[in-house]
Trainee: 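I am attaching a structure below and will ask some questions about it afterwards.
Residues: numbered from 1 along the sequence shown. Just so it is clear, the values below take in all heavy atoms, side chains as well, and ignore hydrogens, waters and symmetry mates.
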Amino acid sequence: NIPRMSGSHAVHVSLGAFDFATRRRIEAISWETPVAVADGRWDGRHWILDLLNRICAAKIIAPGTWARVVAAGSHGML
């Protein structure tokens with residue numbers, strides 16, 4: 001059962017608990033993640049998936065966590 005946010009198709013999926021320094025790394029990566037592309041077909045779901053890919057590549061989350069989050073998101077958000 002995937003928890004849904006009220007009035008939304010979004011789902012809430014935990015990536016785990018992070019210390020402040022790791023949170024700051026995630027924030028820095030998020031600022032480097034583009035929010036739009038020239039063809040206009042980019043949206044928030046693409047941005048979230050790109051960010052998840054980047055934080056996995058940076059070894060902030062494990063590949064198993066990435067797979068679990070993407071699978072859960074594919075049911076409602078990604």
Side-chain angles (χ1 to χ4, degrees):
N1 188 10
I2 301 168
R4 298 210 176 270
M5 299 174 81
S6 177
S8 169
H9 293 288
V11 294
H12 177 89
V13 182
S14 176
L15 297 175
F18 301 103
D19 60 25
F20 185 71
T22 303
R23 178 181 160 205
R24 298 294 291 189
R25 284 181 61 208
I26 294 169
E27 289 173 358
I29 293 168
S30 74
W31 281 104
E32 298 167 359
T33 305
V35 294
V37 294
D39 69 4
R41 299 181 73 181
W42 191 255
D43 63 22
R45 293 174 294 189
H46 294 103
W47 184 85
I48 291 168
L49 187 55
D50 190 14
L51 178 60
L52 289 169
N53 289 334
R54 290 169 185 249
I55 64 175
C56 186
K59 299 185 184 333
I60 294 172
I61 61 171
T65 300
W66 177 92
R68 177 182 54 79
V69 170
V70 170
S74 68
H75 294 291
M77 183 176 63
L78 297 177

Trainee: Could you pull out the closest heavy-atom pair between Leu15 and Arg68, with the gap in Å?
Mentor: CA-NH2, 4.5 Å

Trainee: For Thr22, enumerate each residue passing the side chain to side chain donor-acceptor pair (under 3.5 Å) test, keeping only those at least two apart in sequence or located in another chain.
Mentor: Asp19

Trainee: Using the test side chain to side chain donor-acceptor pair (under 3.5 Å), find all partners of Arg23 that sit at least two apart in sequence or belong to another chain.
Mentor: Glu27

Trainee: Of all the heavy-atom pairs spanning Gly16 and Ser14, show the shortest one and how long it is.
Mentor: N-OG, 3.0 Å

Trainee: Using distance only, find each side-chain donor-acceptor pair of residues 51-63 under 3.5 Å and give its atom names and separation, not counting sequence neighbours.
Mentor:
from: Asn53; atom 1: OD1; to: Trp66; atom 2: NE1; distance (Å): 2.8
from: Asn53; atom 1: ND2; to: Leu49; atom 2: O; distance (Å): 3.3
from: Arg54; atom 1: NE; to: Asp50; atom 2: OD1; distance (Å): 3.1
from: Arg54; atom 1: NE; to: Asp50; atom 2: OD2; distance (Å): 3.4

Trainee: Is there a side-chain contact between Ser30 and Trp47 (heavy atoms, below 4.5 Å)?
Mentor: yes

